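After the structure tokens below, expect a handful of questions from me.
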There are 2 protein chains.
Amino acid sequence: MTQPSITLDRSSPVPLYFQVAEQLERAIVAGEIAAGERLDNEISMARDLGLSRPTMRQAIQVLVDKGMLVRRRGVGTQVVQGRVRRQVELTSLFDDLSAAGHHPQTRVLSCERLEADPEIAEELQLGVGTLVWSVRRLRLIGDQPLAVMHNVLPASLVDLTGVDLEHEGLYATLRATGLAIRVARQRIGARRADEADADLLGESVGAPLLTMQRTAYDDSGHAVEYGRHAYRPDLYSFDMTLVDR
Amino acid sequence: MTQPSITLDRSSPVPLYFQVAEQLERAIVAGEIAAGERLDNEISMARDLGLSRPTMRQAIQVLVDKGMLVRRRGVGTQVVQGRVRRQVELTSLFDDLSAAGHHPQTRVLSCERLEADPEIAEELQLGVGTLVWSVRRLRLIGDQPLAVMHNVLPASLVDLTGVDLEHEGLYATLRATGLAIRVARQRIGARRADEADADLLGESVGAPLLTMQRTAYDDSGHAVEYGRHAYRPDLYSFDMTLVDR
DNA sequence: TAGTGGTCTAGACCACGCT
DNA sequence: GCGTGGTCTAGACCACTAA
């Protein structure tokens, strides 16, 4: 039962439960607490840190939700076995790749304003014919084409005129204009590459592609983005952790 | 600001926060609270129901985590737009399909005990050569083949001798023997169908298949199952909701 | 029986967004 | 300024597990 040393800064704007969760996570990832090992119980951990029990619980719950810890009543809290995988998170592909240390490049194939067709109108909860931005991009990693991406956004929410989408991710652009994505619903599937895909991705026609379509919603619950993307499955996959609550 | 009527049963073993979350969710799904509409603030909701504020918060948080509600400090709690999609949950394909009202069928292709190769040993955190169960199954929906599934489980944890896997899901079998899955890490990708796949799934060689590999962990954080599956993408996809925390 | 996490209460103060 | 959610405290009782 190793006790990682945790230090709190009560003058920091970072919540106490988050400070604890962060340092606990770091200790687990660094292997300071071995997989399968039990943590001290939450009451004494709270006492040791000078925290109330609910605050300590909140910190632990963060890591349980991430699938790093497992709790059992009457038994205790243990570190889950197995290597830690990067999560599917609410970020764009650009952010994902940047964080992984790669240097993604982007080629904007088209960026135009047009009227929403029924499918787009449905996904973005707009009337058919409403003005939207339609952006098609090719994402590369090094010289390798990785994905073809098609995004649609309500023109009333964003203005993409003059935005340099070759050097800035779409989500970063949205954040910069004060649009924060809070929720997204997505569907992952597969299909054959058609001629356009094959040409752009350097694959043969009929090759398998991994597909993702996503509708993203902002702070106020309005749809702000609808995307349909196709990835080369030899270069990309979706990792995720599921937790039973 | 519609107020859904919520009734509490304080003698029930179901936690109060869960009772509230369940009824709120039902009201949202049923459309009693419209998309985009604001809920009453949590303090008055708590007062109206005779609950403490933390309990009311916990109830709301459940739905925020599910991506159904969005909260903003200083503003309030709103229902997210967009149709609600079924989540990727910590269940087996069999459970998924049953819940969706389909009647999945299973053909067990093989079920044998053998020694773990390096890949399996790595995924299940066992020594190479440890005895494991290896199960290959074909899942059908109606007469349509849907997926080929390969699962591996430590023989020390389960005994599949005499288990009727044609009529019972693997996860159900595990639950029945007291093994509860709590955490799983999975990776979704795509690949070409090889001859064996094509034959079993009624596809042509080279057709795109959606793939998923998953390692599942039990209550105590030990790996209990490693699976590699391939799905027909015209019949299956993975839906999920992402929430920024 | 002892120890653990799960639930619940009744408050408090603060940060933020809107007007 | 006011109302909202975000955080935090200091307790309480209960259900479950393991010895």
Side-chain angles (χ1 to χ4, degrees), chain A residues 1 8-22 24 37-65 69-80 178-180 182-183 218-221 243-245, chain B residues 1 8-22 24 37-65 69-80 178-180 182-183 218-221 243-245:
Chain A
M1 224 186 281
L8 296 179
D9 177 3
R10 296 193 91 101
S11 69
S12 160
V14 178
L16 294 173
Y17 79 89
F18 195 83
Q19 293 184 35
V20 175
E22 226 172 7
L24 260 184
E37 198 164 355
R38 243 183 64 211
L39 257 56
D40 201 359
N41 72 70
E42 61 189 30
I43 306 217
S44 47
M45 288 182 79
R47 183 175 20 82
D48 294 349
L49 291 171
L51 293 173
S52 70
R53 187 182 165 203
T55 302
M56 192 63 226
R57 273 184 72 76
Q58 195 176 358
I60 293 176
Q61 192 59 43
V62 170
L63 301 188
V64 171
D65 287 343
L69 294 177
V70 175
R71 328 185 72 180
R72 277 184 298 169
R73 172 149 47 179
V75 178
T77 306
Q78 283 175 295
V79 178
V80 171
L179 266 181
R182 286 289 286 275
V183 181
D218 71 1
D219 263 1
S220 62
V243 179
D244 190 18
R245 304 175 184 245
Chain B
M1 225 185 282
L8 296 179
D9 176 3
R10 296 193 91 103
S11 69
S12 160
V14 177
L16 293 173
Y17 79 89
F18 195 82
Q19 293 184 36
V20 175
E22 224 172 9
L24 261 183
E37 197 164 355
R38 243 183 63 212
L39 258 53
D40 201 358
N41 72 68
E42 61 189 29
I43 305 215
S44 46
M45 287 182 81
R47 183 175 21 78
D48 293 349
L49 291 171
L51 293 173
S52 70
R53 187 183 165 202
T55 302
M56 192 64 225
R57 273 184 73 75
Q58 197 177 358
I60 292 174
Q61 193 57 44
V62 170
L63 301 187
V64 171
D65 287 343
L69 294 177
V70 175
R71 328 184 72 178
R72 276 185 299 170
R73 176 150 44 181
V75 178
T77 305
Q78 282 176 296
V79 177
V80 172
L179 267 180
R182 288 288 286 275
V183 181
D218 71 1
D219 264 0
S220 61
V243 179
D244 190 19
R245 306 174 182 244

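Residue numbering restarts at 1 for every chain, and letters A, B, ... go by the order of the sequence lines. Note that the structure is a prediction, hence the values are computed from the model and not measured.
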Counting only side-chain nitrogens and oxygens, does B:Tyr17 get under 4.0 Å of the OP1 or OP2 atom of C:dT7? yes
Whichever of A:Pro15 and A:Gly74 has its nearest DNA chain D nucleotide further upstream toward 5': A:Pro15
Side chain of A:Arg10: nearest nucleotide among D:dT9, C:dT4, C:dT7? D:dT9
Taking only the side-chain nitrogens and oxygens of A:Arg72, find out if one of them lies under 4.0 Å from OP1 or OP2 of D:dC16. no
Note, B:Ile60 side chain near B:Arg71 side chain (heavy atom, < 4.5 Å): yes
Whole-Å distance separating the CD atom of A:Gln78 from the P atom of C:dG5: 11 Å
Side chain to side chain, B:Met56 and B:Leu49, heavy atoms closer than 4.5 Å: yes
When you measure from the side chain of B:Leu16, which nucleotide among C:dT4, C:dT9, C:dA15 comes out closest? C:dT9
Please determine whether a side-chain nitrogen or oxygen atom of B:Thr77 lies at a distance below 4.0 Å from atom OP1 or OP2 of D:dG5. yes
Nearest whole angstrom, please: distance from the P of D:dG3 to the CZ of B:Arg71. 18 Å
Minimum heavy-atom separation for B:Ala46 and B:Ser52, please, with both atom names. CB-O, 3.9 Å
Checking C:dC18, D:dT4, C:dC8 against the side chain of B:Val75 (C-beta onward), the nearest is C:dC18
Using a heavy-atom cut-off of under 4.0 Å over every strand shown, decide if A:Pro54 touches base, sugar-phosphate, or nothing. base
Calculate the interatomic distance between A:Leu51 atom CG and D:dA10 atom P; express it in whole Å. 10 Å
Applying side-chain hydrogen bond (donor to acceptor under 3.5 Å, both in side chains), run through B:Gln78 and B:Arg72 and close with a yes or a no. CA-CA 8 Å; B:Gln78 282 176 296; B:Arg72 276 185 299 170; 3.3 Å; yes
Phosphate-side-chain proximity, A:Asn41 and C:dG3, N/O vs OP1/OP2 below 4.0 Å: no
To the nearest angstrom, how far is B:Asp219 atom CG from C:dT4 atom P? 18 Å
Rounded distance (Å) that lies between atom C1' of C:dC16 and atom CD of B:Glu42: 14 Å
Expressed as a whole number of angstroms, how long is the span from B:Arg73:CZ to D:dG5:C1'? 7 Å
Under a 4.5 Å cut-off applied to non-hydrogen side-chain atoms, are B:Leu69 and B:Val79 in contact? yes
Rounded to whole Å, how long is the line connecting atom CZ of B:Arg57 with atom C1' of D:dC8? 11 Å
Ignoring backbone atoms, establish whether A:Thr55 has a side-chain N or O less than 4.0 Å from OP1 or OP2 of D:dT7. no
For the side chain of A:Arg53 and the base of C:dG6, is some donor closer than 3.5 Å to an acceptor across the two? yes
Could you tell me the separation between the CD atom of B:Gln58 and the P atom of D:dG5, rounded to a whole number of Å? 17 Å
Have a look at B:Ile43 and say if it touches a base, only the backbone sugar-phosphate, or nothing, with a 4.0 Å heavy-atom cut-off. nothing
